[in-house]
Number of protein chains: 4
Amino acid sequence: MRDERRAQLVTAAREVFGEKGYHAATVDDITRAAGVAKGTYYLYFQEKREIYYELVRSFLQHVTDIGASVVREVKTPADFYARCELAAGELLRVFIEHHSLARLAYRESMSLDAELERMLRDFYRQLARVEADNIRVGIELGLFRPVDPLICAYAHIGMVERVALGLLAERDPPDPRHVVRELLAIAFEGLRKK
Amino acid sequence: MRDERRAQLVTAAREVFGEKGYHAATVDDITRAAGVAKGTYYLYFQEKREIYYELVRSFLQHVTDIGASVVREVKTPADFYARCELAAGELLRVFIEHHSLARLAYRESMSLDAELERMLRDFYRQLARVEADNIRVGIELGLFRPVDPLICAYAHIGMVERVALGLLAERDPPDPRHVVRELLAIAFEGLRKK
Amino acid sequence: MRDERRAQLVTAAREVFGEKGYHAATVDDITRAAGVAKGTYYLYFQEKREIYYELVRSFLQHVTDIGASVVREVKTPADFYARCELAAGELLRVFIEHHSLARLAYRESMSLDAELERMLRDFYRQLARVEADNIRVGIELGLFRPVDPLICAYAHIGMVERVALGLLAERDPPDPRHVVRELLAIAFEGLRKK
Amino acid sequence: MRDERRAQLVTAAREVFGEKGYHAATVDDITRAAGVAKGTYYLYFQEKREIYYELVRSFLQHVTDIGASVVREVKTPADFYARCELAAGELLRVFIEHHSLARLAYRESMSLDAELERMLRDFYRQLARVEADNIRVGIELGLFRPVDPLICAYAHIGMVERVALGLLAERDPPDPRHVVRELLAIAFEGLRKK
DNA sequence: TATGAATGAGAATTCATTCAT
DNA sequence: TATGAATGAATTCTCATTCAT
C-alpha cells in the first residue's frame with residue numbers, strides 16, 4: 001500500500017536523521033534503513049529535504065496543539081490551572097518521548113559533529129550552574145523562595161534566549177527596556193495576582 | 001602580523017556565515033570576503049569548522065560571562081536586583097547587537113533554506129499568539145497580573161523548551177513531575193519571597 | 001488487438017517526442033499520453049529507442065517514396081516535368097504536415113534545450129540573410145535572373161551542407177574540386193539543356 | 001596559463017564528443033582525455049553543455065564568415081564568380097577538415113547510437129541513388145545537361161530539406177506553391193541570366 | 001607566508017527496465 | 001495482457017583540502 005511504504009520511509013528517516021543529523025545522513029542511508037532501493041525514495045518524496053520538513057512540521061504542530069489545548073473549555077479558575085498543569089506535563093512528555101524528533105525540529109540535528117554538540121551541551125550546563133548559583137545567592141539573601149535552583153536556572157536561560165531570538169526578531173519588536181522590565185517582573189513576581 | 005590576518009579571517013567568516021548560513025557558505029566565500037587567497041585560510045585554521053567553532057565559542061563565552069557577573073561583588077539585596085537588571089539588559093543588548101552571531105551559536109544558521117526558516121518563524125509566532133491568548137484568559141479570569149502577554153508568552157515557550165531540551169537531557173534528569181510542578185510555581189509565583 | 005495497442009503507443013510517442021524532444025521525453029510520458037501503464041510499453045517494444053526508430057524510419061521511407069515516384073511511368077518530357085513538380089510539392093507538403101516528425105528524423109528533436117535550438121535557428125536565419133544578399137548583388141550586377149533571393153539562399157545552403165555532410169562522407173568521395181565545379185554549374189546554369 | 005588549460009579542455013571535448021556523441025560522452029571522459037581531474041572542468045566551464053555550445057558556435061560562425069566573404073570588395077562580375085567559387089571551395093574544405101565538428105554542429109553527434117547513424121546514412125544513400133536515377137532519366141530524355149548525377153542528387157536533397165525545415169519554419173513562411181515554383185526554376189534554369 | 005589551480009571523494013537525483021501480482 | 005511499484009546504475013556538479021610555485 002502506498003501509505004505504508006511512505007510511513008516506512010518516514011520512520012526510517014526519523015531514525016537516521018536522529019542518529020546522524022540531517023547533513024550527515026544520505027538518502028541512501030534512509031532507504032537502506034527502510035529496506036528499499038534508493039530510487040524508491042523519489043517515488044514518495046521530491047527531495048531529501050521533504051521528509052525532513054514533514055518530520056519537523058508534525059512535531060511543531062504537536063507542540064502547538066498542546067499549547068492551544070489550555071484554554072479550550074475553560075470555565076473556572078480551577079479548570080484553568082488544571083489545564084496549565086496538564087499542558088506543561090504533556091509538553092515535557094512529548095519532548096522526552098520524541099526526543100530525537102525534537103532535536104530535529106530544534107535543529108540540534110544540524111550540528112556539524114560531536115564536538116559542536118559537546119560544546120553546546122557544556123555551554124548550557126555551565127551557564128545553568130552559573131545561574132543556579134545566582135539563584136542560590138538570592139535564596140540565601142532571603143530574597144527568593146526556596147525553588148529548585150537548577151530547574152529555575154534552565155527556565156531563566158530559556159526565557160531570555162527565546163525572547164531575544166524570537167520576540168526581538170519579530171517585525172515590530174518592543175522596546176528592549178520594556179522587555180527587560182517585564183521579564184524581570186515575570187521572573188520575580190510570577191503571574192499570579194496577589 | 002599573524003594575529004591580524006587571523007582576525008581578518010574571523011571577521012570575514014562572521015559576516016559570511018551570518019549572511020548565508022554555515023553550510024551554504026564556502027571557504028572561498030570567506031577568503032574572498034577577507035581579501036586573501038583560498039589557501040591562506042588553511043595557514044590559520046585546520047578546517048572549515050574551526051572558525052565557526054571559534055565564533056560560537058566566543059559568543060557563548062560572552063553570554064556566560066554576563067550571567068556570571070550577577071553575583072560578583074554583591075553585598076546588599078539592592079545590589080543584587082540591580083545586577084540582575086543589568087545582566088538581563090546586557091544579555092538582550094548582546095543578542096540584538098550580535099544578532100547574526102547569536103543565530104550562528106543557536107544553529108539558526110544551520111537551516112536548509114528559506115522555507116525551513118519561515119516554517120520555524122511561523123511556528124514561534126503562532127505558538128506565541130496561542131500562549132499570549134492563554135495568558136489573556138488568565139488575566140480576564142482575574143487570576144493573573146496584567147503582564148505583557150506576548151513577552152510573557154515568549155518567556156514561557158523558552159522556559160519549557162530549554163528545560164525540556166537542556167535539563168531533561170542531562171545525565172541524571174530530575175523527575176519530570178517535579179519539573180512540571182517547579183516550572184508552574186516559577187511561572188505563577190515567581191521567585192520573590194512574600 | 002495487438003496492433004491497435006501498438007499503434008496507440010506509436011501515436012502517443014510521436015506527440016511526446018515532437019513536443020519534448022527525444023531525450024527529454026520519458027517512457028512514462030509516452031505511456032501516460034497513450035493512457036496505458038508504464039510496463040505496457042515493454043510488451044510492445046524492447047527499448048525506448050525502438051519506437052523512435054520506427055517513427056524516423058517511416059518518415060524517411062515516405063520521403064524516399066516520393067522521390068521514387070518521379071520516374072515511374074514517365075513517357076514524355078511533359079510527364080517528367082509534371083512529376084518533378086508533383087514530387088517537389090508533395091515533399092514540401094509532407095514536411096509541413098508532419099513537421100515535428102520531420103524534426104525527429106532530422107534530429108532537430110535531439111537538441112539539448114531551447115538555447116541550442118535558438119542558436120541553430122539564428123544561425124540559419126543569419127546565414128540565409130547573408131546568402132540572400134549575395135544573390136541580390138548578383139542580380140544587381142545583371143548576372144542573375146530575378147529569383148526569390150531568400151528561397152534561393154536556403155536552397156544553396158542546403159545544397160552545400162548536404163553535399164558536404166552526405167556525399168563527401170561516403171565511402172569513395174569524389175574529388176572536392178570536381179564537386180565544387182559541379183555545384184557551381186548546377187547553381188548557376190541549372191539542369192535544363194539549352 | 002588559464003587559456004591554455006581551457007583550450008586543452010576544448011580540444012579534448014571536441015575529440016570525445018566527436019567520437020561518442022554528446023550524450024554518451026561524460027564530463028569524466030573529457031577530463032580524462034585532457035589529462036586533468038574531473039573538478040577541473042568546472043573551473044573553466046559552468047556546465048557540460050557549455051563547451052559543446054562553444055564548439056558548435058565557433059563552427060557555425062566559421063561557416064557564416066565564409067558566406068559573408070563572397071560580396072566583400074566585389075567590383076566586377078569576374079570578381080563575383082571568383083569569390084563564389086572560392087567560398088564554395090572553402091566551405092567544402094571546412095566541412096571536410098573539421099568533419100567531426102560539423103557533425104556536432106549538425107547534431108549528428110546527438111544520435112542515439114550506431115544503428116540510427118546507419119539508418120540515416122542508408123536513407124541518404126538510397127535517396128541519393130533514387131534522385132540520381134531521376135536525373136539520369138532527364139539526361140536520357142535530352143532534357144538535362146550531362147551533370148554529375150550523384151552530386152546533383154545530393155544538392156537537390158539538401159535544397160528541399162533545408163527549405164522545408166528552415167525557410168518554411170520561419171515566422172512568416174512564404175506560400176508553399178510559390179516556393180515549389182521557385183525551387184524548380186532554380187533547379188532547372190539555375191541562376192545565370194541568359 | 002601567500003597564492004590559486006588542481007584534486008577527487010561524495011551526494012542528490014533521474015529514469016529505462018524489470019517483475020510480482 | 002496489463003499494471004505500476006521497485007530497482008539501481010549512471011551522471012552531473014560541489015567544494016573542502018592540498019600543494020607546487
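Here is the naming used below: chain letters follow the sequence lines, and residue numbers restart at 1 for every chain. Quick caveat: nothing in here was measured; it's all calculated off a predicted structure.
Considering only side-chain atoms of A/Ala37, the nucleotide from F/dA5, F/dG8, F/dA2 that sits closest is F/dG8. Looking at the side chain of D/Thr40, the nearest of the listed nucleotides F/dT3, F/dA6, E/dT7 is E/dT7.
Among the heavy atoms of the strands lying under 4.0 Å from D/Thr26 are primed sugar atoms or P, OP1, OP2 only; no base atom is included. At the heavy-atom level, A/Ala24 lies nowhere under 4.0 Å from the strands shown. Nucleic acid contact class of D/Phe45 (heavy atoms, under 4.0 Å, all strands): none.
Within residues 1-17 of chain B, no residue places a heavy atom under 4.0 Å from DNA chain F.
Taking the ring centre of B/Tyr41 as origin, the terminal cationic atom of B/Lys48 falls outside the region bounded by 6.0 Å and 45° from the ring axis.
Put simply, the side chain of B/Leu116 reaches to within 4.5 Å of the side chain of B/Met119, judged on heavy atoms. Side chains of C/Val63 and D/Phe123 form a contact here, defined as non-hydrogen atoms less than 4.5 Å apart.
Within 6.0 Å of CD in C/Glu115 there are more than 12 heavy atoms belonging to other residues, nucleotides or ligands. Residue D/Glu19 qualifies as open at atom CD: its count of foreign heavy atoms under 6.0 Å is 12 or below.
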Each base of DNA chain F marked ( ) or [ ] if paired in-strand (Watson-Crick or G-U under 3.5 Å), | if paired to another strand and . if unpaired gives .||||||||||||||||||||
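Of the candidates A/Val27, A/Ile30, A/Thr31, A/Val16 forms a side-chain contact (heavy atoms from CB on, under 4.5 Å) with just one, namely A/Ile30.
Checked for salt-bridge contact, C/Glu50 and C/Arg57 miss the test: no charged N lies under 4.0 Å from a carboxylate O.
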Short N/O separations, protein against nucleotides 17-21 of chain E, under 3.5 angstrom:
{"residue": "E/dT17", "atom": "OP2", "partner": "C/Tyr42", "partner atom": "OH", "Å": "3.1"}
{"residue": "E/dT17", "atom": "OP2", "partner": "C/Lys48", "partner atom": "N", "Å": "3.0"}
{"residue": "E/dT17", "atom": "O4", "partner": "C/Lys38", "partner atom": "NZ", "Å": "3.2"}

